[in-house]
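Accompanying notes for the structure given below.
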2 protein chains.
Amino acid sequence: MFQITDGELKYLNEISSEIKYPKGQIIFSTSQKANEVYYIKSGLVKIYRTTSDGRQVSVAIRYPGDFIGLAEVLSNINEREYSAEAMDNVSILIIWKDGFKKMLCEMPEFSEKLIRLMSDRLREAQNTIYDFIMNPIQGRLAILLLTMAERAGDKSEDDIIRVRLRVTQEELACVIGSARQTISSLLNLLKEDGSIQYEGREIVGVNPNKLKLWIQE
Amino acid sequence: MFQITDGELKYLNEISSEIKYPKGQIIFSTSQKANEVYYIKSGLVKIYRTTSDGRQVSVAIRYPGDFIGLAEVLSNINEREYSAEAMDNVSILIIWKDGFKKMLCEMPEFSEKLIRLMSDRLREAQNTIYDFIMNPIQGRLAILLLTMAERAGDKSEDDIIRVRLRVTQEELACVIGSARQTISSLLNLLKEDGSIQYEGREIVGVNPNKLKLWIQE
DNA sequence: CCTATTTTGTCGGCTGGATTACAGTTTTTT
DNA sequence: AAAAAACTGTAATCCAGCCGACAAAATAGG
């Protein structure tokens with residue numbers, strides 16, 4: 001998928017400043033002015049909206065190497081539609097709109113790549129919609145854990161992916177539109193089944209092949 | 001949102017050929033080669049995938065003025081991930097990949113607009129995900145009818161939107177991930193309520209304000 | 001115009017998963 | 001180290017909405 005080149009990263013570094021957000025900190029939130037985009041150097045970020053009755057609904061999780069806050073800036077929308085929060089200690093480059101747009105003009109290959117990036121994200125979002133329709137909760141959870149592991153973990157020699165996912169059940173529930181208690185039982189089910197290695201409050205390994213058995217295709 | 005200029009349309013006409021598809025005809029389908037994009041001149045098109053057990057799941061509906069088949073071409077994917085079917089009698093321009101990419105190079109403003117288009121679509125898809133999590137079936141149905149009316153209907157002097165939506169309940173069910181029978185009762189409920197005007201098998205008018213009362217925000 | 005096919009209405013039964021409730025556990029704060 | 005706060009496990013209850021079944025209506029096709 002999308003990979004930034006060294007040259008592009010160098011350019012980015014010049015026009016941006018690096019900020020570190022501790023776990024739980026809000027990076028931007030709904031209806032703020034959308035004057036900048038961000039590039040994640042390390043850590044996980046959740047994109048979500050808070051509903052009128054106070055619940056959170058997440059529509060995506062972003063990983064190191066991802067841009068966030070792009071959609072509003074590229075659509076020329078003034079206000080953020082979603083909020084972003086650090087799920088970890090996160091290190092981020094903040095890039096002002098004008099600088100970013102200038103970069104797009106000066107580096108046409110980057111601009112081309114950005115079309116591909118947005119296109120990839122659209123396909124990803126459509127697949128999420130598809131998965132929501134097709135899969136009951138276990139399936140959605142399996143898909144989520146699988147993608148999180150693939151993007152945040154290291155493949156080891158056997159086909160188990162080693163990770164260190166410190167995510168609360170509440171957070172998982174928000175992403176797949178479910179209740180915390182349901183996640184609790186399901187995680188233990190997946191653990192028994194050997195689909196995931198789940199120690200204390202941390203997921204430390206997932207077995208993709210076993211997990212996939214839970215997913216409706 | 002995205003609007004094509006006369007100049008762009010003229011260019012498109014030169015590099016494309018027009019095809020008419022009767023209702024029900026498949027325009028492209030999953031795992032075919034993705035060598036072209038399409039521009040809808042008239043009619044509605046559903047983007048969907050057929051599941052292993054034969055059901056259809058729709059992830060979007062596209063309207064006149066929309067491109068379809070873009071994501072695979074822009075992501076440089078070889079095979080279609082979704083299928084497209086004419087929901088009406090549809091008139092479409094078919095534009096070959098090479099011609100389209102050439103157009104992107106020759107018309108940089110168009111290329112810029114395309115980024116905005118993909119960005120709009122991503123936001124739209126994210127909102128769909130949000131709505132799926134937040135809304136029970138009535139809400140999703142209300143949202144669907146509202147967007148269909150807004151995009152395929154004409155606003156009349158009062159705030160009722162006049163449309164002519166000949167869509168089966170089955171098709172609506174596929175889009176919101178529900179069962180046909182449920183749609184049947186809900187449509188009649190919305191009709192009684194005055195949210196929609198529903199005669200025979202056709203939706204001929206919707207009242208946005210009343211419909212919105214069914215939607216969780 | 002008659003027949004075959006597709007679409008719609010309706011109605012119980014059944015169930016996945018939300019909700020409520022509370023106790024136990026781990027982490028953070030003081 | 002104690003107290004507070006945040007997170008997790010489990011169990012009982014309840015209901016939105018899926019499913020199956022079938023009759024009625026509309027459309028299409030010959």
Restricting to side-chain contact (heavy atoms from CB on, under 4.5 Å), what partner residues turn up for Arg116(B), sequence neighbours left out? Asn76(A), Lys113(B), Asp120(B)

Axis-to-axis angle for the helix from dC1(C)-dG30(D) to dT30(C)-dA1(D), ends of five pairs each, to 10°, equals 60°

Using a heavy-atom cut-off of under 4.0 Å over every strand shown, decide if Gln138(B) touches base, sugar-phosphate, or nothing. sugar-phosphate

Kindly say if Gln169(B) contacts the phosphate of dT6(C), meaning a side-chain N or O under 4.0 Å from OP1 or OP2. no

Using a 4.0 Å heavy-atom cut-off, write out nucleotides 18-25 of chain D from 5' to 3' as B (base contacted by protein), S (sugar-phosphate only) or - (no contact). S-BB---B

Looking at side-chain heavy atoms only, is the closest gap between Pro64(B) and Leu44(B) below 4.5 Å? yes

For Glu192(A) and dT10(D), what is the distance between atoms CD and C1' respectively, to the nearest whole Å? 14 Å

May I ask you to say what Arg166(B) touches in the nucleic acid, namely base, sugar-phosphate or nothing, with a heavy-atom cut-off under 4.0 Å? sugar-phosphate

Rounded interatomic separation in angstrom, taking CE from Met87(A) and P from dC7(D): 12 Å

I'd like to know if Arg49(A) and Glu85(A) make a salt bridge, using a cut-off of under 4.0 Å between side-chain N and carboxylate O. no

Using a strict cut-off of less than 4.0 Å between a Lys/Arg side-chain nitrogen and an Asp/Glu carboxylate oxygen, indicate whether Arg62(A) and Glu124(A) qualify as a salt bridge. yes

Whole angstrom value for the distance that separates P of dG17(C) from CZ of Phe132(A): 12 Å

Heavy-atom side-chain proximity of Asn89(A) to Lys20(A) below 4.5 angstrom: no

In whole Å, I'd like the distance from the CG atom of Leu189(A) to the P atom of dG9(D). 12 Å

In whole angstrom, give the distance that lies between atom CG of Leu187(A) and atom C1' of dG9(D). 12 Å

Is it the case that Lys97(B) places NZ or CZ above or below the six-membered ring of Phe100(B), under 6.0 angstrom from the centre and within 45 degrees of the axis? no

Quickly work out the Asp53(A) CG to dT19(C) P distance and round it to whole Å. 9 Å

Whole-Å distance, Leu186(A) CG to dG16(C) C1', equals 11 Å

Any salt bridge between Glu36(B) and Arg80(B), counting N to O under 4.0 Å? yes

Does some side-chain heavy atom of Arg140(A) sit less than 4.5 Å from a side-chain heavy atom of Trp214(A)? no

Taking atom CG of Asp158(B) as the centre, report whether more than 12 heavy atoms of other residues, nucleotides or ligands fall under 6.0 Å from it. yes

Report the distance from atom CG of Leu172(A) to atom P of dT8(D), rounded to the nearest whole Å. 9 Å

Sugar-phosphate, base or nothing in reach of Ser184(B), heavy atoms under 4.0 Å: base

